[in-house]
Q: 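Can you read through this structure? Questions will come right after.
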Amino acid sequence: NLHMISRLWDGSASRVIVPEHIKQIYMKHADKDIVDKLVIAEFPNVQKNDEHEIDNIFFSSDKINLAFVGKFYPEIRNPQYLFNIMEHIHSSGISLHIAGGFNGSFSKSFLEKYFTNKMPYISFMGMLPPDQASSMLMQADILVHIGNTTPEMLPSKILDYISTGKPIINLYQHDKCPTLSILNDYPLKLNIKVDESLTEGLLHKIISFCGDNKGAKVSFTEIERLYKKYTSKYVGDVFYQILFEVLNLR
């Protein structure tokens, strides 16, 4: 029983280190002795990404290039809503580039339609080496993120996106999605709930966001200021302080 194992681990630990959104779950369900041990440390994924010195092998300069890097899952992170958006907006010169893969039981017709490069506005590149995936993010005009269906699962990829300073379209799946609070202070974002109808107004909003923000970028100095608690130095200091306190108590 995973719950019992987790309870035993938490009970024997001196401190329980969790991100903020997981702390909220503990606060609702854990015993007080466990809650008293909680220490917040976020994922240390915000870091400066210098553009790699490789040729642009991804994008056409006469397009607005959207990029998604990661994996799709039928139940947890389904891309159908994103593909529906693309079918409506590609005539505005917007194209989608996907690096990564898919897990789970997507239908054969679904994979055939969207992952065989038959559509001129959706380019599927498969898994890329880390340096090329990073370069793809840095070369893209707009980054597309899809949140998970479960609130306790934070896709750490959102922090990689934030690190680039690029405009982000965030497709979230429920009102408690942790990406909403993380992106709250991010200047270049468009949050869209995946059950929102693709009306002319929403499609115009998406097209305008892409067109208005092509070439826009938040400086890493500003990113570091806004997301200090997600940097490796900050999280490292939290762990150091915990170890210092625990060892001095013994």
Side-chain angles (χ1 to χ4, degrees), residues 42-73 77 79 81-83 85-86 89-90 93-103 114-115 117 121-148 153-172 177-180 182-183 185-192 206 209-227 230-232:
E42 303 293 353
F43 293 103
N45 282 45
V46 169
Q47 55 187 327
K48 189 172 184 179
N49 289 311
D50 294 321
E51 292 192 45
H52 294 278
E53 295 181 0
I54 65 174
D55 293 336
N56 186 332
I57 60 173
F58 300 114
F59 308 129
S60 173
S61 60
D62 63 347
K63 298 280 189 180
I64 298 175
N65 297 286
L66 278 57
F68 175 92
V69 175
K71 285 189 175 182
F72 297 122
Y73 302 84
R77 197 182 307 136
Y81 188 77
L82 171 60
F83 295 152
I85 290 175
M86 290 306 305
I89 69 173
H90 71 90
I94 300 173
S95 59
L96 171 66
H97 305 263
I98 300 168
F102 42 84
N103 285 355
Y114 295 112
F115 293 94
N117 292 315
Y121 52 88
I122 298 178
S123 173
F124 177 59
M125 303 177 182
M127 299 296 294
L128 294 178
D131 63 333
Q132 289 192 18
S134 178
S135 181
M136 178 177 174
L137 291 179
M138 297 305 295
Q139 293 175 18
D141 298 310
I142 312 289
L143 305 182
V144 179
H145 183 268
I146 302 178
N148 293 326
M153 293 179 65
L154 170 67
S156 57
K157 183 65 66 179
I158 190 65
L159 299 172
D160 296 333
Y161 280 22
I162 287 170
S163 295
T164 69
K166 294 295 184 92
I168 299 171
I169 296 176
N170 181 46
L171 305 179
Y172 67 99
C177 181
T179 61
L180 296 176
I182 289 176
L183 286 171
D185 295 325
Y186 193 72
L188 299 175
K189 78 337 186 120
L190 177 62
N191 291 314
I192 304 170
I206 296 169
F209 177 83
C210 294
D212 293 345
N213 290 294
K214 180 174 181 176
K217 187 176 179 180
V218 184
S219 71
F220 188 75
T221 300
E222 180 67 1
I223 295 296
E224 203 169 27
R225 183 185 72 80
L226 292 171
Y227 291 93
Y230 295 94
T231 62
S232 57

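Basis for what follows: all heavy atoms, side chains included, without hydrogens, waters or symmetry-related copies. Everything quoted here is computed from the prediction, not taken from an experiment.
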Q: To the nearest 0.5 Å, how far apart are CZ in Phe68 and CE in Met125?
A: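 Reported to 0.5 Å precision, the distance equals 13.5 Å.
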Q: Which class fits the ring pair Phe83 and Tyr114: parallel under 30°, tilted 30 to 60°, perpendicular over 60°?
A: parallel
Q: What are the two closest non-hydrogen atoms of Lys217 and Leu188, and how far apart are they?
A: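 For Lys217 versus Leu188, the nearest heavy atoms are N-CD1, 3.9 Å.
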Q: Please report the shortest heavy-atom distance between Pro79 and Ile146, naming the atom on each side.
A: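 Shortest heavy-atom separation between Pro79 and Ile146 comes out as CA-CD1, 3.9 Å.
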Q: Under the side chain to side chain contact (heavy atoms under 4.5 Å, CB included) rule, what do Leu171 and Ile85 come out as? Steps first, then yes or no, please.
A: CA-CA 11 Å; Leu171 305 179; Ile85 290 175; 4.1 Å; yes
Q: First locate atom CG of Leu82, then atom CG of Leu66, and finally report the distance between them rounded to the nearest 0.5 Å.
A: 7.5 Å
Q: List for me each residue that meets side-chain contact (heavy atoms from CB on, under 4.5 Å) alongside Asn117, sequence neighbours excluded, and say none if there are none.
A: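 Residues passing side-chain contact (heavy atoms from CB on, under 4.5 Å) with Asn117: Ser123, Phe124.
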Q: Between Asp141 and Gly215, which heavy-atom pair has the shortest distance, and what is it?
A: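 Closest approach of Asp141 to Gly215, heavy atoms only: OD1-N, 4.5 Å.
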Q: For Pro178, is there any backbone N or O sitting under 3.5 Å from a side-chain donor or acceptor partner on Tyr172?
A: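 No; zero donor-acceptor contacts below 3.5 Å.
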Q: Quick one: list whatever passes ring pair (Phe, Tyr, Trp, His ring centres under 6.0 Å) with Tyr227, sequence neighbours left out.
A: Tyr230
Q: State, to 0.1 Å, how close Ser163 and Val46 come at their nearest heavy-atom pair, and which atoms those are.
A: OG-CA, 3.2 Å
Q: For Phe220, give me all partners under ring pair (Phe, Tyr, Trp, His ring centres under 6.0 Å), at least two apart in sequence or on another chain.
A: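 Expected list: none.
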Q: Between atom CD1 of Ile64 and atom CD1 of Ile142, what is the distance when rounded to the nearest 0.5 Å?
A: 7.0 Å
Q: Say whether, by atom type as modelled, one donor and one acceptor occur between the side chain of Lys214 and the main chain of Lys63 under 3.5 angstrom.
A: yes
Q: Counting only N and O atoms by type, is there a donor-acceptor contact under 3.5 Å from the side chain of Lys71 to the main-chain atoms of Gly100?
A: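 Not at all, since once roles are kept as given, no pair shorter than 3.5 Å links the two residues.
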Q: Looking only at heavy atoms, what is the nearest atom pair of Gly147 and Arg77, with distance?
A: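 In terms of heavy atoms, the two residues are closest at O-CG, 4.0 Å.
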Q: Determine yes or no for a side-chain-to-main-chain donor-acceptor pair under 3.5 angstrom, with Ser232 supplying the side chain and Pro44 the backbone.
A: no
Q: What are the two closest heavy atoms between His145 and Thr179, and how far apart are they?
A: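 Scanning both residues completely, I find the closest heavy atoms to be CE1-CG2, 3.7 Å.
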Q: Backbone N or O of Val144 within a donor-acceptor pair of the Tyr161 side chain at under 3.5 Å?
A: yes
Q: With Asn170, which of Ile192, Ile182, Asn191, Leu190 fulfils side chain to side chain contact (heavy atoms under 4.5 Å, CB included)?
A: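 Among the candidates, only Asn191 passes.
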Q: Excluding sequence neighbours, so at least two apart, what forms side-chain contact (heavy atoms from CB on, under 4.5 Å) with Ala140?
A: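 Ala140 satisfies side-chain contact (heavy atoms from CB on, under 4.5 Å) with Phe59, Ala67, Leu143 once adjacent residues are dropped.
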Q: Answer yes or no: is there a donor N or O on one side and an acceptor on the other, between the side chain of Ser135 and the main chain of Asp131, under 3.5 Å?
A: no
Q: Identify, with sequence neighbours excluded, every residue that meets side chain to side chain donor-acceptor pair (under 3.5 Å) alongside Ser95.
A: Asn65, His97
Q: Not counting sequence neighbours, which residues clear side chain to side chain donor-acceptor pair (under 3.5 Å) with Asp160? List them please.
A: none
Q: What distance do Lys166 atom NZ and Gln139 atom CD have between them, rounded to the nearest 0.5 Å?
A: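 These two atoms lie 8.0 Å from each other.
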Q: Kindly indicate, with the supporting measurements, whether the criterion side chain to side chain contact (heavy atoms under 4.5 Å, CB included) is fulfilled by Tyr186 and Ile223.
A: CA-CA 8 Å; Tyr186 193 72; Ile223 295 296; 3.5 Å; yes
Q: Output, in order, the C-alpha distance, side-chain angles, deciding distance and verdict of side chain to side chain contact (heavy atoms under 4.5 Å, CB included) for Asn45 and Ile158.
A: CA-CA 9 Å; Asn45 282 45; Ile158 190 65; over 6 Å; no
